[in-house]
Protein chains: 2
Amino acid sequence: MIAEPGLAEETASRLRNDIIGGALPPGFKLSETRLAADLGVSRNTLREVFRLLTREGLLRHEPNRGVFVAVPSMATIVDIYRVRRLIEVPALAHAWPRHDAVGQMRAAVEKARGARDAQDWRVVGSANMEFHAAIVALTDSARLQAFFAQIIAELRLAFGLLDSPERLHEPYIDRNGEILSLLTQGQQARAAEMLAAYLDESERVVLAAFARLG
Amino acid sequence: MIAEPGLAEETASRLRNDIIGGALPPGFKLSETRLAADLGVSRNTLREVFRLLTREGLLRHEPNRGVFVAVPSMATIVDIYRVRRLIEVPALAHAWPRHDAVGQMRAAVEKARGARDAQDWRVVGSANMEFHAAIVALTDSARLQAFFAQIIAELRLAFGLLDSPERLHEPYIDRNGEILSLLTQGQQARAAEMLAAYLDESERVVLAAFARLG
DNA sequence: TCAGTGCATATTGTTGAACAAAGCACGGCG
DNA sequence: CGCCGTGCTTTGTTCAACAATATGCACTGA
């Protein structure tokens with residue numbers, strides 16, 4: 001077996017993708033022995049992975065009963081959007097229009113547009129998240145960026161429960177473009193305002209979709 | 001050996017206190033076998049603990065070389081205060097003056113005053129941090145509170161490097177009281193303003209102390 | 001003397017097996 | 001029909017082992 005640095009991390013990435021991608025549905029129980037065999041790692045290593053992903057909010061650990069894929073609730077959504085508003089809006093409002101991260105924002109917008117043309121809604125979703133991660137990168141805070149990455153992972157898990165990813169992401173692609181435009185023109189205040197309205201609307205849509213699921 | 005749920009968490013708490021309390025100085029190398037023996041847990045469990053504390057920013061993990069107590073730098077301080085400003089100020093500005101967490105804020109202020117009278121600067125430091133944690137609790141966001149708890153742990157680690165904890169905390173006890181007063185009187189805007197100035201000044205003091213250490 | 005080289009040693013990364021303890025399923029019994 | 005005990009399964013934790021990597025030290029050659 002190859003002994004590369006961070007087999008646990010690598011396995012965590014793999015499992016993270018399986019969870020966010022929907023291969024492992026929310027509420028699903030992850031058996032240690034079975035999953036360890038499937039992933040080709042030992043039980044001890046898998047437990048380290050479990051701890052990582054539990055800390056990230058993707059798994060739920062019930063003592064002496066096992067680990068389960070987290071089941072996002074409406075409270076989860078509300079909390080996540082609260083955090084997003086609190087972090088993203090000021091980040092944009094105080095941004096320096098020539099910050100490096102603006103390039104990441106532009107790249108994300110272009111990626112999303114390309115994927116929309118190709119009708120690849122999964123990539124659209126990724127690009128959308130990358131756009132928001134880039135907004136947080138405007139703060140130059142490593143800790144904030146790490147935290148936000150977790151928030152994004154949780155949000156994507158919640159999105160996985162919803163159908164019609166098109167309706168979920170398509171309306172925001174061009175709005176991201178407009179926000180980017182405003183920022184590059186030095187109109188941070190208007191950009192932040194637009195983002196705030198955007199987040200409010202997005203939260204409403206997601207909550208409504210959730211409510212339909214019961 | 002007792003098999004209670006969360007031996008790893010319990011051990012993590014113990015180790016966290018040792019680190020924040022200064023028993024294990026920044027830069028110190030933590031040998032797996034030795035520390036496992038000292039703490040009375042197995043190497044596997046200790047590795048889980050390492051992962052927890054690494055994620056919290058208290059430890060630094062260098063692949064194939066070992067785990068070390070994190071060494072806070074000026075960049076760490078700057079980043080932490082950036083995060084604090086971004087989170088605490090809006091939290092206070094948008095707070096509901098009759099929120100439950102106001103009680104925690106009051107309790108923290110009183111605890112700090114009592115400890116000041118007893119000249120117990122360590123408790124003053126704790127109470128001070130509890131005050132700020134209470135401010136974040138005003139947001140009602142579980143995720144934000146968890147994140148902030150980490151930030152606080154890191155900051156306390158950095159404080160451990162500095163001497164004269166009196167100068168570090170004493171000037172802020174009464175300011176916390178004033179902020180609390182303003183909030184309960186419904187003057188959130190002025191409270192937030194005061195907190196912002198407070199954070200700026202505190203950052204300057206800490207950075208200056210750091211610079212003296214060289 | 002001193003820089004470079006190579007080996008012995010210690011430490012980390014990962015695995016597999018073992019065992020106690022807790023939960024769970026199932027069937028017997030009142 | 002409900003209650004309970006028994007046995008199976010899974011988790012929580014430890015231990016021992018091995019490969020891979022880093023560290024320290026003696027040795028070499030100028």
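Protein chains get the first letters and strands the later ones, always in sequence-line order, with residue 1 at the start of each.
- Scored by the side-chain hydrogen bond (donor to acceptor under 3.5 Å, both in side chains) test, A/Arg143 finds B/Asp79, B/Glu154 as partners (sequence neighbours excluded).
- Of the residues in residues 28-39 of chain A, those lying under 4.0 Å from DNA chain D by heavy-atom distance are A/Lys29, A/Leu30, A/Ser31, A/Glu32.
- Here A/Arg47 does not reach the OP1 or OP2 of D/dT11: none of its side-chain N or O atoms lies under 4.0 Å away.
- Between the side chain of A/Thr45 and the backbone N or O of A/Val41, no donor-acceptor pair lies under 3.5 Å.
- Qualifying salt bridge (charged side-chain N to carboxylate O under 4.0 Å, His left out) partners for A/Arg43, counting only residues two or more places apart in sequence or in other chains: A/Glu32.
- The side chain to side chain contact (heavy atoms under 4.5 Å, CB included) search around B/Val123 returns B/Lys111, B/Ala115, B/Asp120, not counting sequence neighbours.
- For A/Arg82, the side-chain hydrogen bond (donor to acceptor under 3.5 Å, both in side chains) criterion is met by no residue, not counting sequence neighbours.
- If you measure from atom CZ of B/Phe68 to atom P of C/dT12, you get 9 Å, rounded to the nearest angstrom.
- Across D/dT14, C/dT15, C/dG13, the shortest atom-to-atom separation from the side chain of B/Asn64 is found for C/dG13.
- Here D/dT21 presents its P atom at 17 Å from CD of B/Glu62, a figure rounded to the nearest Å.
- With sequence neighbours excluded, no residue forms a salt bridge (charged side-chain N to carboxylate O under 4.0 Å, His left out) with B/Asp140.
- A/Ala12 is linked by a side chain to side chain contact (heavy atoms under 4.5 Å, CB included) to A/Arg16, A/Val49, A/Leu52, A/Leu53, counting only residues two or more places apart in sequence or in another chain.
- By the side chain to side chain contact (heavy atoms under 4.5 Å, CB included) test, A/Asp100 is found to be paired with no residue, residues two or more places apart in sequence or in another chain being considered.
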So which protein N/O to nucleotides 6-8 of chain D N/O distances come out below 3.5 Å?
none

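- Annotation: of the two residues near DNA chain C, A/Arg65 and A/Thr45, the 5′-most nearest-nucleotide partner is A/Thr45.
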Distances under 3.5 Å between protein N/O atoms and the N/O atoms of nucleotides 17-20 of chain C, please, pair by pair.
from: C/dA18; atom 1: N6; to: A/Arg43; atom 2: NH2; distance (Å): 3.2

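- With sequence neighbours left out, A/Arg167 forms a side chain to side chain contact (heavy atoms under 4.5 Å, CB included) with A/Ser164.
- Remark: A/Arg65 pairs with A/Glu62 by the salt bridge (charged side-chain N to carboxylate O under 4.0 Å, His left out) rule, at least two apart or across chains.
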